[in-house]
Protein chains: 2
Amino acid sequence: MKKKLKFTKNIFNENQESEKKKKILASAIKIIGDKGYQNATIAEIAKDAGIGDATIYEYFKNKEDLLLSIPVEVTKELIPQINDHMMGIKGALNKLRKFIWWWLNYVEKNPGYGSIVLLELKTSKTYVSNEAYQAARNFYKIVLDIIKEGQEEGSVKKEINIFLARSICVGAIEHIIIRWLLKDRRYSLTQYADELADLLIDSFKKEESTTSKEP
Amino acid sequence: MKKKLKFTKNIFNENQESEKKKKILASAIKIIGDKGYQNATIAEIAKDAGIGDATIYEYFKNKEDLLLSIPVEVTKELIPQINDHMMGIKGALNKLRKFIWWWLNYVEKNPGYGSIVLLELKTSKTYVSNEAYQAARNFYKIVLDIIKEGQEEGSVKKEINIFLARSICVGAIEHIIIRWLLKDRRYSLTQYADELADLLIDSFKKEESTTSKEP
DNA sequence: TTTATTTTCCGAATAGAATTCGGAAATTCC
DNA sequence: GGAATTTCCGAATTCTATTCGGAAAATAAA
């Protein structure tokens with residue numbers, strides 16, 4: 001493999017992260033996801049990644065930057081993945097159901113990441129002004145777009161405020177995940193998907209039956 | 001005022017917290033609510049309370065214990081307060097509307113406390129095994145009781161899972177508050193109360209019209 | 001191949017903040 | 001008033017993020 005050329009490192013790495021950086025991020029997800037941001041130490045993350053403490057600072061500004069980089073990088077993979085799963089599904093409400101199922105399932109399989117995104121991130125002072133916040137917005141924009149689509153195709157009530165509807169969906173999903181993360185995680189998270197989807201869909205959907213003049 | 005007797009301090013203080021402890025808690029709410037748990041220092045809290053750093057450790061086991069004590073103490077005041085506001089309101093769905101309004105309004109007026117409860121608390125490693133978690137449960141039990149009451153009086157659909165309904169309510173409320181806390185807080189939070197209540201109520205309520213045989 | 005330059009890495013020092021310790025000051029008891 | 005007890009806190013300790021300076025490795029130049 002060709003090695004990096006002089007002065008080209010930064011440009012070269014814009015898309016292709018160095019292996020070392022990826023390794024640090026993986027260790028950070030593992031350690032922070034397990035112990036929480038406060039109890040995770042740079043020393044332990046460095047050790048897990050097989051490097052010296054100081055080396056982390058070659059790749060990340062500081063501990064907070066390391067934390068915030070996690071959702072930025074992971075979301076880059078996640079959004080294409082969920083879009084892929086969405087393909088071929090007809091009807092906004094069916095897509096909403098799929099989204100709920102997919103996200104619960106993902107967190108159940110990656111509780112460390114879920115814990116970082118849903119518990120640790122928001123306490124970061126610089127979160128909203130960071131790229132990580134945009135990543136979260138992009139992710140939840142999927143829900144907003146589904147609701148919009150539903151209004152356009154006529155399956156979702158026109159009179160509801162789509163932003164409020166998104167808040168209800170995302171809020172409910174996150175709340176259920178957070179309970180699961182905080183508790184022992186013994187039960188399956190995915191089992192809630194259908195019932196939650198039923199209730200949400202029921203509150204958004206336009207009644208099909210007696211809508212037109214006379215049946 | 002009679003001073004404390006030998007050996008009776010702990011028993012005596014079970015209900016009546018010492019003034020100093022209250023002062024520390026007030027300063028902690030102020031500082032942590034403003035800067036966040038990580039950026040708030042014991043030194044600054046102590047200074048604000050007009051005492052030495054080490055004195056805080058006479059009243060709280062450590063910084064985390066201080067954080068967790070905040071919701072425990074505040075909830076003791078809050079639950080009676082909200083119950084008071086609930087009095088005289090007829091109908092579970094009207095109570096739900098009131099609860100939503102009251103809680104949004106409280107956070108708008110006490111954003112520091114809101115920030116502690118909704119952003120900082122859950123990252124604490126010992127949260128679920130702490131009294132603070134019970135305090136949060138007690139607080140949100142109000143919502144669960146309202147939904148139950150609604151099913152009993154016939155205003156809420158019998159077929160919905162009340163725990164899920166509670167998750168949706170609480171999740172949606174918290175999500176809206178968190179957005180407000182993270183963003184600039186320039187707009188009014190209370191303004192969302194009615195629209196949110198409308199949407200939630202609409203999804204829980206039993207259709208009144210054609211339920212009985214023939215009107 | 002040798003030498004110069006640039007990049008990567010990290011051991012050791014620094015600094016900031018939580019927590020502990022020992023004893024002084026204040027209060028209560030007799 | 002003096003002994004016992006409690007309250008308070010200055011100073012020392014410890015733990016950890018972060019910085020610094022330079023060694024090691026990689027790359028370019030000769």
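Note on naming: letters A, B, ... go to the chains in the order of the sequence lines (proteins, then strands), and numbering restarts at 1 for each one.
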Requested in this report: Report the residues that fulfil side-chain hydrogen bond (donor to acceptor under 3.5 Å, both in side chains) with B:Ser69, sequence neighbours left out, ordered by chain and then residue number.
Outcome: none
Report summary line: Between CD1 of B:Ile56 and P of D:dC9 the distance, given in whole Å, is 10 Å
Report task. Figure out the NZ/P separation between A:Lys63 and D:dT18, and round it to whole Å. Result -> 8 Å
Query raised in the report: Is it true that atom NZ of B:Lys157 has more than 12 heavy atoms of other residues, nucleotides or ligands lying nearer than 6.0 Å?
Result: yes
Report summary line: Taken to the nearest whole Å, NZ/A:Lys21 to C1'/C:dT7 is 16 Å
Requested in this report: Might you work through the side chain to side chain donor-acceptor pair (under 3.5 Å) test for B:Thr190 and B:Glu108, ending with a clear yes or no?
Outcome: CA-CA 7 Å; B:Thr190 319; B:Glu108 184 157 6; 2.5 Å; yes
Query raised in the report: With sequence neighbours left out, what residues match B:Lys125 under side-chain contact (heavy atoms from CB on, under 4.5 Å)?
Result: A:Asn39, B:Glu64
Query raised in the report: Taking the side chain of B:Glu58 as heavy atoms from C-beta outward, which of C:dA18, D:dC9, D:dA17 is closest to it?
Result: D:dC9
Query raised in the report: What would the secondary structure line of DNA chain C be in dot-bracket form, counting Watson-Crick and G-U wobble pairs under 3.5 Å, with [ ] for pairs that cross earlier ones and | for pairs with another strand?
Result: ||||||||||||||||||||||||||||||
Query raised in the report: Between D:dT7 atom P and B:Ile24 atom CD1, what is the distance in whole Å?
Result: 12 Å
Report task. May I ask you to list the residues of residues 35-51 of chain B, by number, that have any heavy atom positioned under 4.0 Å from an atom of DNA chain C? Result -> B:Ala40, B:Thr41, B:Ile42
Report task. Give a yes/no answer on whether the side chain of B:Lys61 brings an N or O atom under 4.0 Å of OP1 or OP2 in C:dT19. Result -> no
Give the table of side-chain donor-acceptor pairs shorter than 3.5 Å for residues 134-142 of chain A, with sequence neighbours excluded, one pair per line with atom names and distance.
unit_1: A:Asn138; atom_1: ND2; unit_2: A:Gln134; atom_2: O; d: 3.4
unit_1: A:Tyr140; atom_1: OH; unit_2: A:Trp103; atom_2: NE1; d: 3.4
unit_1: A:Tyr140; atom_1: OH; unit_2: A:Glu174; atom_2: OE2; d: 2.7
unit_1: A:Lys141; atom_1: NZ; unit_2: A:Asp145; atom_2: OD1; d: 3.3
unit_1: A:Lys141; atom_1: NZ; unit_2: A:Asp145; atom_2: OD2; d: 3.0

**Report entry** Note, B:Val74 side chain near B:Ile29 side chain (heavy atom, < 4.5 Å)
**Finding:** yes
Query raised in the report: What residues, two or more places apart in sequence or in another chain, satisfy side-chain contact (heavy atoms from CB on, under 4.5 Å) together with A:Arg185?
Result: A:Pro111, A:Trp180, A:Leu181
Query raised in the report: With a 4.0 Å cut-off on heavy atoms, is B:Asp53 in touch with a base, just the backbone sugar-phosphate, or nothing at all?
Result: nothing
Query - Under-4.0 Å side-chain N/O to phosphate OP1/OP2 contact, A:Tyr59 with C:dC9 - result: yes
Query raised in the report: Which of the following nucleotides, C:dC10, D:dC8, D:dA17, is nearest to the side chain of A:Thr55?
Result: C:dC10
Query - Between C:dA12 (P) and A:Tyr57 (OH): distance, integer Å - result: 18 Å
Requested in this report: Decide yes or no for A:Tyr37 and A:Leu66: does some side-chain heavy atom of the first lie under 4.5 Å from some side-chain heavy atom of the second?
Outcome: no
**Report entry** Integer-rounded Å distance: D:dA25 P and A:Lys20 NZ
**Finding:** 12 Å
**Report entry** Selection from C:dC21, D:dC8, C:dA18 that lies nearest to any side-chain heavy atom of B:Ala54
**Finding:** C:dC21
**Report entry** Under-4.0 Å salt bridge between A:Glu44 and A:Lys47
**Finding:** no
